[in-house]
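Sequential numbering from 1 along the given sequence is applied to the chain's residues. Just the heavy atoms: all of them, side chains too, but no hydrogens, waters or symmetry mates, feed the values below. First listed ligand is number 1; within each ligand, the first listed atom is number 1.
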Amino acid sequence: MTPYQILGLGSFIPAKSLSNDDLAKIVDTDDEWIVTRTGIRSRHVLDDSQNTSDMGALAAQQALNNAHISPDQITHVIVSTCSPDHLCPNTACLVSYQLGIKGAMAFDLNAACSGFLYGLEVAGGILANRPDAVVLFVCAEALTRRVNWEDRTTCVLFGDGAAAAVLARSPQGLAQVTEVCCHADGRSPDPLSIGGGTAFHVKNGDPVDENFFIRMEGREVYRNGVRRMTEMCVQILEKTGLTTEDIDVIIPHQANLRIVESVASRLKAPMNKVFVNLDRFGNTSAASVPIALHEAMEAGRIPAGARVLLTAFGGGFTYGSAILQFSAPDAAD
Ligand code: COA
């Protein structure tokens, strides 16, 4: 692929945090079960007054500020989400409107939890075709709006949040996107689904049933998550002629600590190379990898010149990986 740069990152996490003990008051669960099976201790929940596009716009504004790019320089807006405000208009148009971006092509991309990797691949195609483009790439999810709060097997897993990146062909930036791999393995019936599309038949006045919400076959999803994220890491390492030892930091999709540990163990990567924040945020789907990337960077967990491996897996099934080369100190000056 033609490499390009991440010029700036931003993220937004809703203020309200819901602990496992809070959840135990509304559904038959407890902190010990959730922590032991998933590693999740709390997750953030979007305020009723806000929607996915609001979180996306807040994360995007921060990314624009950090990249020193103004809204009028943006040529393309992509929003990765499987929890859009509406089926139509797309969330990217709503984010553009909030930021005062006028005239830029704007569209949504749905690859569930692999949304960041898929967006990096799509943006790479745009930037290869149009070298002067400046892409605002947002990942935003409000999955707690589609959680069935009576289903303890799913409602404990998900949280809300957003992150954004400004992408361009540039000699300098925060990090170079060196390589991306993305694949899918479509299934029916879906082991992981969110209702609300046109397959969900509903007439005005009908109550919604359980198919409207997130439904999941946990064990099937777990097995595939471990297998596909491992495969994606191995594939991109082979493609770039690298080994696990050449990677400084691994940022996997933040779904479940046991999944993350299994992938790290199969790659023979020590856990101190792996960035984990799912204990505080749960699974924020497409936003999970870029929220973790931004947090790792802000926390000083990504040294100058570091090589970072990203990987994700999600509904579909979709899966992918990417390698980022962070700028060395002299290049970043
Ligand atoms: N609290 C307490 N008990 C719970 C529970 C909860 N929140 N959720 C499920 N249980 C119970 C089940 O009802 C079951 O009880 P039973 O044996 O009496 O029937 C028992 O715990 C075991 O359930 P099981 O589904 O076999 O547990 P598990 O070890 O597979 O863990 C998940 C369940 C969901 C944590 C695990 O399958 C998982 O993480 N899957 C992947 C999820 C994911 O990452 N999805 C997003 C991918 S992008």
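Looking at Thr29 next to ligand 1, an N or O pair under 3.5 Å apart turns up. Checking only distances, His253 never comes within under 3.5 Å of ligand 1, N or O to N or O. By the 3.5 Å distance cut-off applied to N or O atoms, Asn256 is counted among the residues near ligand 1.
Scored by the side chain to side chain contact (heavy atoms under 4.5 Å, CB included) test, Thr75 finds Ala133 as partners (sequence neighbours excluded).
Counting heavy atoms closer than 4.0 Å to ligand 1, residue Val27 contributes nothing at all. When heavy-atom distances to ligand 1 are checked against a 4.0 Å cut-off, Thr153 comes that close through both its backbone and its side chain.
In this structure, atom 27 (O) of ligand 1 lies nearest to the protein heavy atom Arg37 NH1, 3.2 Å. Regarding atom 47 (C) of ligand 1, its nearest protein heavy-atom neighbour is Val221 CG1, 3.5 Å. Closest to atom 13 (O) of ligand 1, if we only count protein heavy atoms, is Arg152 NH2, 2.9 Å.
A side-chain donor-acceptor contact under 3.5 Å links Ser114 and Thr318. For the residue pair Asp160 / Thr144, a side-chain donor-acceptor distance below 3.5 Å is found, with atom types taken as modelled.
Using a 4.0 Å cut-off between charged nitrogen and carboxylate oxygen, Glu295 and Arg280 count as a salt-bridge pair. Ion pairing between Asp185 and Arg187 holds under the 4.0 Å rule for side-chain N and carboxylate O. A salt bridge links Asp28 with Arg152: the closest approach of a Lys/Arg side-chain nitrogen to an acidic carboxylate oxygen falls below 4.0 angstrom.
Counting only non-hydrogen atoms, the option in Gly218, Ala312, Gly316, Cys155 that gets closest to atom 40 (N) of ligand 1 is Gly218.
For atom 4 (C) of ligand 1, the protein comes within 4.0 Å by at least one heavy atom. By the definition of a contact as any protein heavy atom under 4.0 Å away, atom 11 (C) of ligand 1 is in contact.
Listed by first and then second residue, the salt bridge (Lys or Arg N to Asp or Glu O under 4.0 Å) pairs that reach into residues 53-68 come to none, sequence neighbours excluded.
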